[in-house]
Structures are given as structure tokens and as C-alpha cells.
10 protein chains.
Amino acid sequence: MKKHGVLNRDIARILASLGHTDQIVIADCGLPIPEDVECIDVSLKQGVPSFVEVLAEILADMEVEGLIAAEEVKEQNPAVHRALTGTNIPIHYLPHEQFKDTTCKAKAVIRTGEVTPYANVILRSGVIF
Amino acid sequence: MKKHGVLNRDIARILASLGHTDQIVIADCGLPIPEDVECIDVSLKQGVPSFVEVLAEILADMEVEGLIAAEEVKEQNPAVHRALTGTNIPIHYLPHEQFKDTTCKAKAVIRTGEVTPYANVILRSGVIF
Amino acid sequence: MKKHGVLNRDIARILASLGHTDQIVIADCGLPIPEDVECIDVSLKQGVPSFVEVLAEILADMEVEGLIAAEEVKEQNPAVHRALTGTNIPIHYLPHEQFKDTTCKAKAVIRTGEVTPYANVILRSGVIF
Amino acid sequence: MKKHGVLNRDIARILASLGHTDQIVIADCGLPIPEDVECIDVSLKQGVPSFVEVLAEILADMEVEGLIAAEEVKEQNPAVHRALTGTNIPIHYLPHEQFKDTTCKAKAVIRTGEVTPYANVILRSGVIF
Amino acid sequence: MKKHGVLNRDIARILASLGHTDQIVIADCGLPIPEDVECIDVSLKQGVPSFVEVLAEILADMEVEGLIAAEEVKEQNPAVHRALTGTNIPIHYLPHEQFKDTTCKAKAVIRTGEVTPYANVILRSGVIF
Amino acid sequence: MKKHGVLNRDIARILASLGHTDQIVIADCGLPIPEDVECIDVSLKQGVPSFVEVLAEILADMEVEGLIAAEEVKEQNPAVHRALTGTNIPIHYLPHEQFKDTTCKAKAVIRTGEVTPYANVILRSGVIF
Amino acid sequence: MKKHGVLNRDIARILASLGHTDQIVIADCGLPIPEDVECIDVSLKQGVPSFVEVLAEILADMEVEGLIAAEEVKEQNPAVHRALTGTNIPIHYLPHEQFKDTTCKAKAVIRTGEVTPYANVILRSGVIF
Amino acid sequence: MKKHGVLNRDIARILASLGHTDQIVIADCGLPIPEDVECIDVSLKQGVPSFVEVLAEILADMEVEGLIAAEEVKEQNPAVHRALTGTNIPIHYLPHEQFKDTTCKAKAVIRTGEVTPYANVILRSGVIF
Amino acid sequence: MKKHGVLNRDIARILASLGHTDQIVIADCGLPIPEDVECIDVSLKQGVPSFVEVLAEILADMEVEGLIAAEEVKEQNPAVHRALTGTNIPIHYLPHEQFKDTTCKAKAVIRTGEVTPYANVILRSGVIF
Amino acid sequence: MKKHGVLNRDIARILASLGHTDQIVIADCGLPIPEDVECIDVSLKQGVPSFVEVLAEILADMEVEGLIAAEEVKEQNPAVHRALTGTNIPIHYLPHEQFKDTTCKAKAVIRTGEVTPYANVILRSGVIF
């Protein structure tokens, strides 16, 4: 078995394929998945695993230089917003509709069990050198 | 979005395709996945989600008439064994090697984050009528 | 076998994959199916199953926040129109030609045995939280 | 649209591909589908469509020279058994387990909503000349 | 074997998949087949089967509300033109080049052995109710 | 367009791929097609094209060193048998059941409209040098 | 084996699929092959087979109504140009860059061993009737 | 373009994938190609390219430690046999039928235009170190 | 980009998919790759990367409980043998022919540039808990 | 095994398929790989193999008439820039963002272990005659 990095085989495969500026999405369980984007569904039940749990697990093994989140998260989901700002990674905000359009360019959407609104983020890969 | 049953899209798809006596596996994160069997990996990190959590979620939405587990679970993993016996579903025990061979006939293996030994079970589908 | 939700394995698979605002179509047996859209054909014979029967079965297991129907249904198919308005879900009306164009964005078309005119509806998924 | 024969596009496709002695299965909603056999799922909900309804629709458009049914249907499902004998097509009976093994050679399994036991039949195609 | 409708398995499959306004093409043996359109080749040798034979066989099992033919057929192939007008189905005429462009939207091209010029027609499906 | 040899694109493709001793089948419209063998269906309606017509067309463009036919053709279909013996190609006879088993090794089955019994033949390719 | 027409199985398959105005390319060994166009590589070594040899073999079995060649061939490759004009088929000349763009519409590129410049031609199929 | 080694893109791809003891076949134009073995057809017309030409081209870029040929080549095709023995690579002889069975294990069959009997050879790859 | 574990995207993907007792192979550049086993080719030129370099990189990120090597390595390649024994992982020796047969069960073969004899090893995955 | 040219099977396959002006990319380990472009990953660990090592290996077996590099390489990576200019192949410089867009037209990206900035180059194939 693999010693280092994220345990999930599909997430590990996607992270290993990322180049600088490539994007992946961590989503609540309701975000629509664009037609040609792979969905890695780690949801178990409503709320499990939470958005914050998955975000932490991904950030532990992915170099991230920027986040994109929906404008609406600031007011409608302060807890998730705090988790995002707490990463100290620059965040760019877009209206939710535009956020959804942007997800089409992602390499994958990781679907969590999160059931609080606008709990979605696009992670733009940084460089490990 | 789907109102009823398990939240995970891949697990829902597999459960909906099961006929009487079809089998699926809930596995710890170390069980080898047979070549032609689909792996639904819901693991997030070591121990998360646990075998018991996933077992509960599956049993909530799957008619199960029988379990198959590894002999060794009785002594080497009492906690997991209690969870299995606690389902009140008849359990058939096989030596672990034979258990692994049996997983080849499964429709899918659901990989959890479980990291305790022999935390694997084959669920044989019952009939909803 | 799966305990909860719609019995049909293909419909269950599609519903489980829907995110907020994703669309599916329930169609009479004559609606043309767009090239790249999956057709789940549950028709048995002319009139069986009826549009209304299938609509009820889908709504029982799908969170729906909006309907799109063809203008013409109001006058040309009052029975089906009553079934649609009876759902108390907001309906947006389009000319039939435009309705057909919109079906290209659907995740699937569920083909019924319905043989009354304009008995088609697009269901836009809501959110379960 | 097609003028003659069964309405369902998948069933029509399968029937049109049958040669003499080829087999298809009409099944209750619980029969396990062999790995490499296509499943045409026309089930809508438990009991709908019934085994007998689908059998009638298929026999209307398929030349059948022989039926295979499970021994157990005689006593455990007299209604379905009457429907089978009522076709006046010679029936060969097998123990259910052997019946299930035989379904592996079928070109397709048509899954109904039937929820009464042993409501399954293998139809062996005859010749139209 | 299938009792009713056209004998050819590929033609039966295509006809069964047609919805209202879907189009198929019956072509002479020289019409270029668009890249992404299925070709069902029933040609045996030059002239066999003829365009008229195949047209009759298709019309026997397909609901057709409209025909599209090349302008040039009127003068350059009176026999075929008579066969088309003899169907009493409204015919829309296009210059041959435009006719060829239109075939890209067809579900399939049925290639005959016909070797007389402009012996091609697009059949637009009607509705069986 | 191709100047020489059989007109049908699928038959031409198969013939061009044959090596010495490779086999193809010309079948009546009722012969069951083995699972992994390509079916080229040139049938138009019952009896059209006939077995004899297609046999002639294939022999015009295929080097054949041997035929295999069903024993039963001698008595049950003298016309077809005369067509076979008339080719002056050595014929090996097998019981029909064994004949059917042999078709599994064929590169393709060419399905005609023939509706007379046992009108099937396996053609073993010769060498053009 | 196939009696008539070109010996190469891939070329025979492509020629048999051509309709009127369809195009194929005969190329020297350096022409870039467009992404979605099939390459039939009959090259053996530099110069073998030559462009002229392959052109002769194709013209023996393909009805051709028009050629397209690169302007530059006239001066930069007189021998090949003589071979083209010697076919007595009307030739349309394009600048090499535009010639390359046109090859995207071809059904296939037949790659020879030719190593003299601009030794490429697009063959537009005629009609055999 | 590639500077070194065989010009043909398919042959280069196959040679680059060979490991020690892997086998490829050089065949006359009549050898039957096993179902699951890739055929690289470089034949242009009967006799072109010859078996000997292709053998030379392959041996120029492939490390070969052993040949397998049909017994019959010794007497029935002395010219080809001389070409084989002239390679100074050890030759193992098999009856032609057994030779054909052995070709099933080959990575590819390279089909030449050769039209003299038993002009086939299996090349077993050596090691470049 | 991925922070932890092996850099190569294909190797990372394979390692992440391994369960207990699954096997992968590190091979010299001459080992024949079994038909249905994925080959990850990281060779650059003869000797680069070396077997030992790749072995070290894999062992840094893969839990390994056992090695299988060819008997012959002991005498014919002491340097590589020292590298294997230096891992302090139990080694099971097989005759080279049997070693090669065993590679058919591997999830992947990682091909290095190694050009010294018998520089191959099968790594059997251990468990990370 | 193949005697001549690059050892890596995937690189050999890609080089053998290149025509004049086709492009491939040699990249550092962080370059994002366009969606539809094949990635040949020969990276082993950070810095191994280096960009310069791989460049040399490719140029040894690929005819190259032009290079495209990122403007920024001149100042930000003098060592790599020297390696590029040292090839004496004309270099065209683009801003890095535009360079990345250009890689979409490449036949493949060869990913090295390079971890110095802007160590990427597009190689435009020349002609071997």
C-alpha cells in the first residue's frame, strides 16, 4: 500500500496528475457536476464527511496557491467561510452562478456529505518547486 | 436530488442494481480489490470513515439476508465482530484467504478508512418482497 | 436489494447523480431523444405506463424545485396539465420547439408509454438541504 | 416512429436480434442479473408492471417455441404458473438455482416490477418460417 | 424471433429509437455517409436492392410525416421521383448539396444497391398517436 | 468509390481481412448469431435477398476451398442443396446442432432474408496464390 | 480471401466505405496526419513503396473524379507532378499549407515511404454509376 | 520525425514494446490472423512488398534470438528458406498447422504482399544487453 | 500539485490502488510485459534510470512485506542482488521462467532503463496498519 | 527488442507517428497537461530525470526544425536557456501563458522530474528527407 499522502485512491490519482494552475473542486453534496468532469464521491450521509474535514485532508497533500469561492458564502455560511480564510490562501470570490460555470474546467469534483449552503471551493494548484 | 436512500451516488447505483443473492463487500482500507470488481472508495483518512459507520449506512438502505466474514475477525477484531453480530443477520465464517477469493464474485467493494485487521464483510442481498 | 427510493435501477442511478439545478425529462413515447442524452425507456405499450404514473413515481424520490413544460400542453392536454399544476411546483412554459431544444441539457430522458400530445416535462432538481 | 411490434426501443432491438433457440428472460424485480447479460429494466414500482403484463406484451411480438421456469413456481406462485401454462407453449421446469445458472446464456433480462416469488421465465425463440 | 415489423435487425433497432421529427436516410449506393452517422448497408450488388424496394419496406413499418429529396431528382430520375410522390407524403425539395448537408442530422443512412442518380430521400418521423 | 469486388462495405471489409482457412457464414434469417461474432444483416424482408442470391455474390469475390452445411439440408431443402453442390466446391456435412457450434469460429455471419429451412453454409477461405 | 480489388485489408475497407465526393490522401512519409483521421501506414523504408506505386494501386480500384495537390509540386517535384497529370484526372492546386488543412476532411491518409517533397495528393471519389 | 529505426509507425510502435522472448510474425498475404492479434498490413499488391524485403527491414531494427518456421517451407519455398537460413539465426521448424497455432501468442502479424507458399516466420525477440 | 509521495503520476496512481498482497514489478528494460498488465515505462536510455534508483524511489512510498526475485540474480547480478537483500525485506526466489509467469498477476510493471541481467523484482504490498 | 532509437516505448511510439511540423513538449514536472493531450511521465523524483537529460535523449532520435520556449526562461532559468540555445535550433519565444495555450496542439507532453522554473520546450518536427 502507499505510505504517503491522501489515502483515497481516486483523490491520490487526481492530485498526482495536477500541474501548476490545474483546478479541483471540493463540493457540498448538492453542487451539479459538469458533464465531462470526473466526480469523486466520498459522501457517506448528510453532513458526513463535512466540507471542512475534506478540505483539511486535501490541503495536507496538495500544493494550493489560490482558492475560488462563491460570494454568497461570506454571509450565508460563516463557518465554512472561516475555514476557507483560515487556510491563509488568497481567495477570489465569484457570484455562485459564475462559480458553477468555472467548475467545468476542473480536473475533478470531490463530493462531500456537506449540507450547508455554498460550501464549495475551487483549489488552484501551486508548484512544489 | 434523490430524496431517499444512501447519499453516495456510486453506492446508490450499485444497490439499485442488486438482485437476490448478489454480493457487495465493505472493506478496510487494505483489502486487495479483485481485478474485475468495481471499487467505490469512500476512505478519507486512516480510520475515517470507520467500518462500522459505513456498515450502518449500507444496512439502512440494503436488504441483507446473510453476511460472510473472516474467521480471524472473532479474535483479532472483537469490536468489528460485535458490530457484525449486532446486525442479527446470519454470519458465515471463512478463513481470510478463502474470504478474499470469494470477493471476486462481488458487484463492488466499498473501501472504508478502517485500519483495524480483518474489518471486511460480504453482504448477500435479500429480497424486498 | 435497495430498500428505499425508486425501484428502477437506471432511474435510481440518474437521480443519485443529480446536483442542484440538474435536469431530467419525463416524455411521452414520441419525444425525439437528443443525440448525447441517455434514454431510459420504461414504455411497455401505448399508454402504459402513463405520463402521470411515472411523474408520481419520480416526484416521490426526487427533490424538484421547478418544472418546464410546453405552452401547448395547456390547451391540447388538460389532463396532463392538471397533473403538472397539481404538483404545486412552479412551472415555466416554453413553445414546444424551444422545449425540445432545452432537453439537450438533460441528464436523461425517461420515455413513458404516454400517447397523448405534449405530455413532456423537464424537472429541475432542488436541494435536499 | 416504428409502426409495428413492441413499443419499448430496447426490447424491440433485442427481439429483432434473436435467432432460432436464442433466449431472453422475463424476471421479477429480485432476480440477480448475470454479469455479462444486458438488463432492460421496465420496472416502475413494486408490482408495476406485473410479470403477466410484460409476458403478454413480449409474446405478442416474439415467436416462442419453449419456456423454462423454476420448479417452485407451481406451488409457490399459482397465478404466475397459470399465466405460463395459459400460453400453451411447452414448459420445461428446473430447480430455481439451475434456472438462475441458465439465465447466463440469455441475450437479455427484462426486469419487471413483479414482487411475487419465482415469477421468472426463460423464453426460447422459435422461427418465423 | 420478432414477429412484427421490418426483418432487418439494424433497421428495426433504428426505427424503434425514433421520436417525432427524427430523420433517417434511404440512399443510393453512392451517397457519402457523414462522419458520425451510422450506415446500415443492405446493398448486395449494383441495383439490388433497389431504392424503391427499400423505401416500400421502410414505409411499411415507419410513421413518416415528411420527405426531403434533391431538386435534381425530378428531372434526372423520374422513376424514383414517381415512387416518392406516390407515397402521398409531403415532399420538400433541396438542392443536392444542401440535401447532403442535411443528412448529418440523420439517425442512420440505409445504403441500398441503387445506381440511378439522386435516388436519396430523408424521411422525417411522424407520431404513432 | 471502390471499382472492384462486392458492393457492400461490411462484406468487402470482412472479405479483405480473410486469410487462408478463415470462415464466414451465409445464413437464413433465423440462424442464431454467436455472442462474439459480427452479424452483417442484409435481409430486407422474408425471402429477400434469397440465400442463393447472396451465395452467388459472395462466391464472385471470395476464394473458397470448402463448404460446411447441415446434414438436414439434403432432404429438407433440395433447392438450396442444389445451389451448394452446384458450386463444385467440396462440401462437408454436419448435424445442424454441430453446424451451429462451428459458426462460433466464423469472422462474420451474413444474414439473408431466406426463410427456407437449413439454408446456411460455412465458407472456408482458400488462397489467391 | 478476397478475389478482386486492392490487396491491403485497410485500404480495401476504406475504399468500400467511400461515397461520391469522399476524400482520401496518399502522402509522402512526412505529411502530418490530422488528429481524427485514420492513418494507413504502408511505408517500409525511405522511398519504399514510392508515391507513384501506391497511386497506381489505388487508382486501379478507386473511382476518382478529381485530385487536389500542392502548388509547390509543379516545380519542386516534376516527377510526381507528371505522375499526377498522367492520370488525366482534373487537378486542383492549393498552397501546401491550405492543402494540409484540407486533409482534415479525408476518410484516411495512406502513408507511403516517399521521401521527395510535396508528394501528396487528395483523391476525391467519383461515382461507379 | 523519428531519425532512427524502422520508418513504419505501427511496426516501430510494436518493436519498441517488445521484451525478451516476445514474438512477432512476418506473414505472406494469406496467413489467417488470430482473433486477438494486431495485424499490421503493409501489403500493396500481390508480391509487393516481398517477404524477404520486409524480413530484412525488420531484422535491421529488431534484436532476434530465434526463428520459427513451417516445416514445409524447406521443400515448398526454397527461396524463402534460403532467406531464413541466411539470417544465421537459429530456426525451429513446426508443422504448418502447429505454426499457425503458435501465432496466437504473437504481439502482431506483419502482413506482406508475398504470394509464395509457407512464406511465414515467427521472430522471437532477443535482448539488447 | 501533490505534496507527498512518489512524483510520477502513473506510479502514484498504481500505488494508491494497492491492497494488502497486491503485487507490482520493477523490471529491467528487457522483461516481456504480460498481455493484460499495465506497463509504466520510465526508461530514458540504456542504464537510466537504473533498477536500484527506481527500487529506492518505490520503497520510499510503498509498504512492502515481501520480494520475489529470479534465482539467477544471485550469481548473474550480485550488485542488484545486494540492493535487494539490502532492503531487509524477505525475498522468495523462483527460476526466471516461473518468475516471468508470476508477473501476470501484477497490477503494473515499472520498466526501468536497467540493462544488467535478471534485474527484476516483484514487490508484494504490505499493510499500512 | 528494438535496436535503434529511443528506448522508452511510449516516446518511440509518439516519435514514429510524427509528421513534418507536428509538435511534442518536454516539460518540467509542474506544467499543466492539456485535457486531450497524452502525458508520457518519465519523472522519477524531483530533479530526476532533468530537463536537459531528456532533451538530449529526444534530440538524438527526433528531427527538429524549430523550438518554442517561454520568454521568461531567458532570465529565470539561464541553465535551461543555454541548453536550448546550445541545440542551434531556431527558438521562438512566447509569454508563458501563451506557451501553455500552444501545448494544446502537441501530440504528447513528456513530463520530466525537472523542478526549475520555465523548463519547458515545444519541439516542432522537421523532415527526415
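Residue numbers begin at 1 in each chain, while the letters A, B, ... track the order of the sequences.
Remark: I:Y93 pairs with I:H81 by the ring pair (Phe, Tyr, Trp, His ring centres under 6.0 Å) rule, at least two apart or across chains. Every ring pair (Phe, Tyr, Trp, His ring centres under 6.0 Å) that I:H96 has, sequence neighbours left out, goes to I:Y118.
By number of non-hydrogen pairs under 4.5 angstrom with chain A, the leading residue of I:I58, I:L18, I:L15 is I:L15. Note: A:M62 leads A:M62, A:E65, A:R13 in heavy-atom pairs under 4.5 Å with chain I.
The nearest pair of heavy atoms linking I:D61 to A:H4 is OD1-N, 2.8 Å. The heavy-atom pair separating A:K2 from I:I128 by the smallest distance is O-CG2, 3.5 Å. Of all non-hydrogen atoms in A:H20 and I:M1, the two that sit nearest each other are N-CG, 4.2 Å.
Here the side chain of A:S17 pairs no donor or acceptor atom with the backbone of I:R9 at under 3.5 angstrom.
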